J.: 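Dropping the structure in here first, questions after.
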Amino acid sequence: MAETSNTEKDLPSLLVKHVQELAINGDEPPQRYIRKDKGNEAPVDTSLSSSVPIIDLHLISSPTSSTQQKQDEIEKLKSALTSWGLFQAIGHGIPSSLLDHLRKMAREFFDLPIEEKRQYAANKDGAHDNYFQGYGNDPVVSKEQTIDWNDRLYLLLKPADERKLKLWPENPSRFREVLKEFSSKSDLLVEFVVKVMAVSLGLDDDYFLNHASLAFARFNYYPPCSRPDLVCGIKPHADGGTITLLLQDEEVEGLQVFKDDKWMKVPIVPDAIIVNVADQIEIMSNGVYKSPVHRVITNSEKERLSLAVFYAPEMGEEIEPATKLISESTPRMFRKIKMKDYYEAFVLNTFRGIRGIDWARV
Ligand SMILES: O=C(O)CCC(=O)C(=O)O
Ligand SMILES: [Fe+2]
């Protein structure tokens with residue numbers, strides 16, 4: 001049924017169904033959702049011989065840690081970001097009760113009838129803003145684009161005075177309040193982490209922070225799929241902003257990161273927040289800190305939720321590698337780019353399955 005009602009004919013390419021609707025009958029995913037890399041893809045590492053590093057931020061922030069403890073943890077963080085591009089942060093100071101509450105709010109929102117959620121759809125009246133805010137799907141930029149098995153609620157958090165509150169769910173009733181509280185804690189966490197990262201490279205502590213003044217929340221909903229082998233929850237991509245915080249589902253795995261030519265599963269560490277470098281820090285650090293390619297795999301039994309918070313530069317900013325990190329032995333890897341151009345290239349490249357950052361290489 002889903003197959004016939006989701007043809008090019010009856011839906012313009014920009015508007016696609018919510019995957020939640022497609023999942024209801026457990027039908028096979030429609031053609032536009034089938035991964036094109038199928039049968040020709042990198043293996044998944046099942047040995048689990050190494051895993052995403054866990055960094056205890058409290059060891060770095062606490063006045064009671066010894067200098068040695070701090071240094072050791074910062075070294076671990078540096079090595080995580082040069083080899084993996086991400087780490088699982090513990091000791092991050094955001095109470096687990098708040099994380100649980102946030103997950104509960106998100107689950108209750110996605111559990112609402114689709115009609116009710118549609119009142120928060122960004123394109124309800126055909127109106128779009130630059131950031132595709134609201135309830136919906138990733139933009140579809142061509143008929144050939146493989147569509148992900150993902151519905152999302154996408155909201156600007158920062159600057160706070162630009163929030164579009166009419167797209168923030170009123171049901172569940174505490175959604176807005178809890179998201180606001182999380183947002184202020186998340187800002188503090190990012191500030192701390194990017195300062196440590198900048199100093200660890202010999203840069204001024206606000207070097208990355210000065211390019212992270214926007215923040216967006218992306219609540220991801222992945223319903224079960226009858227053929228998880230054929231679709232992607234989110235296709236391979238790297239994040240295009242400065243840095244991302246990610247709260248995984250508390251029970252259902254699905255995130256994988258590409259490393260050493262293999263897909264590595266990112267395990268669930270209770271109450272950890274994943275910190276991942278995004279493209280602009282890879283550019284500013286002249287390639288020292290890696291923006292990792294990652295993807296999400298679905299499963300046939302359980303829905304999965306996650307929350308990504310993307311910190312990013314403003315559209316009008318220009319980004320380039322830090323002069324201090326360019327030398328004869330470490331030549332400039334990226335051009336100076338305008339964010340507005342980057343975002344355009346990023347969206348087109350990513351949905352075609354190419355890395356956004358390739359556009360910025362010298
Ligand atoms: O769901 C996840 O674990 C990852 C989501 C993600 O990569 C994103 O929203 O950019
Ligand atoms: Fe991502």
Side-chain angles (χ1 to χ4, degrees), residues 19-20 35 44 51-52 81 84-89 99 102-103 106-107 109-110 131-139 146-157 179 182 186 190 214-225 228 231-259 263-282 289-299 302-312 343 346-347 349-351 353-357:
V19 285
Q20 189 176 10
R35 273 151 61 186
V44 177
S51 190
V52 178
L81 297 181
W84 287 84
L86 78 165
F87 62 86
Q88 306 244 24
L99 300 182
L102 190 61
R103 289 189 176 107
R107 204 168 288 281
F109 172 73
F110 284 108
Y131 305 126
F132 306 101
Q133 288 186 71
Y135 171 64
N137 316 88
D138 275 340
T146 309
I147 305 172
D148 292 334
W149 201 256
N150 167 283
D151 292 335
R152 61 181 216 179
L153 173 67
Y154 200 70
L155 302 169
L156 178 137
L157 299 178
L179 183 56
F182 175 74
S186 150
V190 159
L214 297 179
F216 298 92
R218 175 180 173 135
F219 291 89
N220 291 301
Y221 173 75
Y222 311 93
C225 180
V231 304
C232 256
I234 297 189
K235 65 173 68 61
H237 68 284
D239 295 343
T242 306
I243 191 154
T244 305
L245 296 186
L246 181 77
L247 188 60
Q248 284 214 77
D249 194 283
E250 69 270 57
E251 271 182 23
V252 184
E253 280 187 3
L255 177 63
Q256 299 182 345
V257 57
F258 195 64
K259 181 169 183 286
W263 289 106
M264 316 288 259
K265 293 184 183 176
V266 181
I268 294 168
V269 173
D271 296 327
I273 292 181
I274 294 170
V275 176
N276 91 261
V277 172
D279 289 353
Q280 303 317 315
I281 283 187
E282 180 161 343
Y289 286 161
K290 304 287 183 309
S291 168
V293 173
H294 52 286
R295 68 174 183 182
V296 177
I297 295 302
T298 57
N299 72 82
K302 290 191 170 165
E303 63 182 25
R304 177 173 183 274
L305 274 87
S306 70
L307 167 61
V309 185
F310 307 117
Y311 286 81
Y343 282 130
F346 176 84
V347 170
N349 274 13
T350 300
F351 295 133
I354 310 165
R355 279 203 67 181
I357 206 171

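Throughout, numbering of the chain's residues begins at 1 and tracks the sequence. One-based numbering, in listed order, for ligands and for the atoms of each. As the structure is a computational prediction, the values presented were derived from the model and not from experiment.
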J.: Which atom, counting only N, O or S, brings His237 closest to the Fe ion (ligand 2)?
T.: NE2
J.: Is the side chain of Arg304 donor-acceptor paired with the backbone N or O of Val252 at a distance under 3.5 Å, no angle test?
T.: yes
J.: Just jot down the ligand 1 atoms closer than 4.0 angstrom to any heavy atom of Arg218, in number order.
T.: 9 (O)
J.: Which atom names give the shortest non-hydrogen contact between Asn150 and Asn137, and what distance separates them?
T.: O-ND2, 3.6 Å
J.: Under 4.0 Å from any heavy atom of Phe310, which atoms of ligand 1 are there?
T.: 8 (C), 9 (O), 10 (O)
J.: Has the side chain of Gln280 got a donor or acceptor atom that lies under 3.5 Å from a matching backbone atom of Gly240?
T.: yes
J.: Just need the protein heavy atom nearest to atom 9 (O) of ligand 1, so name the residue and atom and give the distance.
T.: Asn220 ND2, 3.1 Å
J.: Tell me: protein heavy atom nearest atom 4 (C) of ligand 1, and distance?
T.: Val296 CG2, 3.6 Å
J.: Looking at ligand 1, is there an atom of it that comes within less than 4.0 Å of some heavy atom belonging to Arg295?
T.: no
J.: Show the nearest heavy-atom pair for residues Thr146 and Lys235, with the distance to one decimal.
T.: O-NZ, 2.7 Å
J.: Report the nearest protein non-hydrogen atom to atom 10 (O) of ligand 1: residue, atom name, distance rounded to 0.1 Å.
T.: His237 NE2, 3.1 Å
J.: For atom 3 (O) of ligand 1, what is the closest protein heavy atom, and at what distance to 0.1 Å?
T.: Arg304 NH2, 2.9 Å
J.: Does only the side chain of Leu246 get under 4.0 Å from ligand 1, or the backbone, or both, or neither? Count heavy atoms.
T.: side chain
J.: Relative to the heavy atoms of His294, which atoms of ligand 1 are at a distance of less than 4.0 Å?
T.: 7 (O)
J.: Rounded to the nearest 0.5 Å, what separation is found between the CG atom of Leu245 and the CD1 atom of Ile273?
T.: 6.0 Å
J.: Provide, to 0.1 Å, the distance between atom 6 (C) of ligand 1 and the closest protein heavy atom, together with that atom's residue and name.
T.: Ile234 CD1, 3.8 Å
J.: Determine which of the N, O or S atoms in Asp239 is closest to the Fe ion (ligand 2) and give its atom name.
T.: OD1
J.: Using only atom types and a distance under 3.5 Å, with no angle test, would you say the side chain of Gln88 pairs donor to acceptor with the backbone of Pro267?
T.: yes
J.: Grab the two heavy atoms, one from Leu81 and one from Val277, that are nearest each other, plus how far apart they are.
T.: CD2-CG2, 3.7 Å
J.: With heavy atoms only and a cut-off of under 4.0 Å, state how Asp239 meets ligand 1: side chain, backbone, both or neither.
T.: side chain
J.: Pull out every atom of ligand 1 sitting under 4.0 Å from any heavy atom of Ala308, numbered as shown with elements.
T.: 9 (O)
J.: Shortest non-hydrogen contact from Ala272 to Leu247?
T.: O-CD1, 4.2 Å
J.: Does the side chain of Thr244 come within less than 4.5 Å of Leu86's, by heavy atoms?
T.: no
